[in-house]
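This report concerns only the one structure given below.
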Number of protein chains: 2
Amino acid sequence: MKARGRARSGGRTEILDAAAVAFMEYGFAGTSIDMVADVLGSTKGKIYYHFKSKTNLYLDVHRETMTAYIEAIEEVAKGAGTPLEKLHGVLMTLARQIMERLPYAKVAVEGVDMHMSRSTTPEQRAVLREIIDLRDRGEAILVGIIEDGMAQGLLRPCNPRLIVKPMLGALNWMTVWYRPRPEDTPESREALAETLVDYLLNGIAAPHRAEARA
Amino acid sequence: MKARGRARSGGRTEILDAAAVAFMEYGFAGTSIDMVADVLGSTKGKIYYHFKSKTNLYLDVHRETMTAYIEAIEEVAKGAGTPLEKLHGVLMTLARQIMERLPYAKVAVEGVDMHMSRSTTPEQRAVLREIIDLRDRGEAILVGIIEDGMAQGLLRPCNPRLIVKPMLGALNWMTVWYRPRPEDTPESREALAETLVDYLLNGIAAPHRAEARA
DNA sequence: GTCTATAGCGGGATAGAC
DNA sequence: GTCTATCCCGCTATAGAC
């Protein structure tokens with residue numbers, strides 16, 4: 001029963017947005033808190049009031065991204081449809097998320113293998129664990145769908161744990177080459193996502209060739 | 001007709017190797033020259049004797065990676081075979097390169113969208129231009145092969161320029177999850193590469209489904 | 001709750017010994 | 001050609017005003 005109703009975030013969300021934008025541009029080590037404050041239109045005092053350290057801020061951006069991913073994925077995975085349709089839906093959902101929230105997506109990509117070797121504090125390690133758990137949960141959902149699809153003969157026989165890597169990699173790679181353009185519309189983004197996901201499901205070899213190689 | 005025969009690199013190559021290892025672990029901004037020197041087993045004096053700045057060193061690692069890629073790709077592309085075979089060969093070549101020279105591959109991935117906004121010197125801009133040209137050349141070769149394959153009916157109709165992105169993205173993403181293990185053999189690496197490339201060519205939908213979606 | 005000012009330190013780059 | 005010593009800037013984080 002929080003005071004002042006509407007659960008206002010008290011500026012935290014705005015800071016996360018600004019941080020995502022700054023981190024996207026220069027990466028964790030290359031971004032100073034002053035740069036984040038510039039994007040935000042304030043000074044670092046505000047940021048340090050809401051976040052203990054730059055590392056904490058970064059981790060929170062990353063966690064926010066993974067939470068959004070997992071929620072979107074689970075909604076599709078719980079819905080109706082064949083495994084092939086669900087797989088299509090999950091990949092589309094991810095592609096959309098990446099395009100619509102590019103700065104957050106970019107942080108998630110950089111943060112994946114950021115060892116944070118210096119994340120000394122136990123509190124930070126806990127957040128890191130949360131992030132990794134979210135990622136694992138997402139991958140597990142995908143793996144489950146692929147296993148179902150194989151069992152039903154809808155998908156080619158494969159090692160799902162392995163196939164998930166290039167699938168997610170291809171989508172995450174959008175953060176490298178995709179940039180929103182003024183002429184982009186929801187429809188054009190949707191078409192782009194569809195093209196990519198269609199490729200990830202069907203490959204590029206012509207159908208009869210696909211059988212020849214199998 | 002260089003003196004002292006055999007074109008010895010005078011330590012430059014060793015520095016590049018050490019730098020790649022350090023940059024792989026902590027990224028450009030997160031790596032200090034002292035860290036590179038530690039990996040190298042020397043002090044920064046040596047590094048600054050051979051390279052003007054940290055940025056120059058990083059750019060040279062990146063260029064070295066792209067040069068190796070392009071050479072490997074061109075060898076396959078020039079050889080005999082159908083477009084489908086060539087496409088298979090080029091992707092296999094890249095997958096091998098990434099696994100065998102993981103630190104260099106990782107630098108290439110980080111460096112792709114490192115704006116180097118502060119690469120003030122014209123000399124650095126020139127190297128950056130070289131790197132981008134090498135990448136574009138590689139992509140153009142792939143696009144050409146795909147166009148040939150489409151013309152011969154070996155590949156599904158698609159926009160080659162667009163399809164190349166997830167293809168290379170899936171391979172580059174190996175730098176995120178692949179780590180050499182003691183039990184790895186040349187054969188196991190080859191099998192892994194084959195699995196990934198096979199997926200990128202054939203997708204995951206079962207053949208009859210692939211026709212249904214088309 | 002957000003500002004200004006500053007402490008303290010890490011790291012890029014250079015000078016000069018050897 | 002490589003090392004040691006050092007300059008100096010920029011950045012994290014904090015203290016204290018408002």
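Proteins come first, then strands; the chains are lettered A, B, ... in the order of their sequence lines, and each starts at number 1. Below, all heavy atoms of this structure are taken into account, side chains as well, without hydrogens, waters or symmetry copies.
Sorted by first and then second residue, the salt bridge (Lys or Arg N to Asp or Glu O under 4.0 Å) pairs with a member in residues 164-179 of chain B read B:E139-B:K165; sequence neighbours excluded.
Whole-Å rounding puts the A:E14 CD to C:dG1 P distance at 13 Å. Rounded to a whole Å, the CZ atom of B:F51 is 18 Å from the C1' atom of C:dT14. For the pair B:K46 NZ and D:dT2 P, the computed distance is 4 Å after rounding to whole Å. Across the protein-nucleic acid pair, B:L57 atom CG and C:dG11 atom C1' stand 15 Å apart, rounded to whole Å.
Shown here are the salt bridge (charged side-chain N to carboxylate O under 4.0 Å, His left out) partners of A:E183, two or more places apart in sequence or in another chain: A:R181. With sequence neighbours excluded, no residue forms a salt bridge (charged side-chain N to carboxylate O under 4.0 Å, His left out) with A:E147. For A:R189, the salt bridge (charged side-chain N to carboxylate O under 4.0 Å, His left out) test picks out no residue, with sequence neighbours left out.
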A correct 5'-to-3' footprint of nucleotides 4-18 of chain D, with B, S and - meaning base, sugar-phosphate only and no protein heavy atom under 4.0 Å, is B------SBBB----

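Judged by the 6.0 Å and 45° rule, B:K106 forms no cation-pi pair with B:F23.
The side chain of B:Y49 places an N or O atom within less than 4.0 Å of a non-bridging phosphate oxygen (OP1 or OP2) of D:dG1.
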When the side chains of residues 30-40 of chain A are checked against the rest of the protein, which donor-acceptor pairs come out under 3.5 Å, sequence neighbours left out?
unit_1: A:T31; atom_1: OG1; unit_2: A:A22; atom_2: O; d: 3.3
unit_1: A:T31; atom_1: OG1; unit_2: A:G27; atom_2: O; d: 2.6
unit_1: A:S32; atom_1: OG; unit_2: A:D34; atom_2: N; d: 3.4
unit_1: A:S32; atom_1: OG; unit_2: A:M35; atom_2: N; d: 3.2
unit_1: A:D34; atom_1: OD2; unit_2: A:K44; atom_2: NZ; d: 3.4

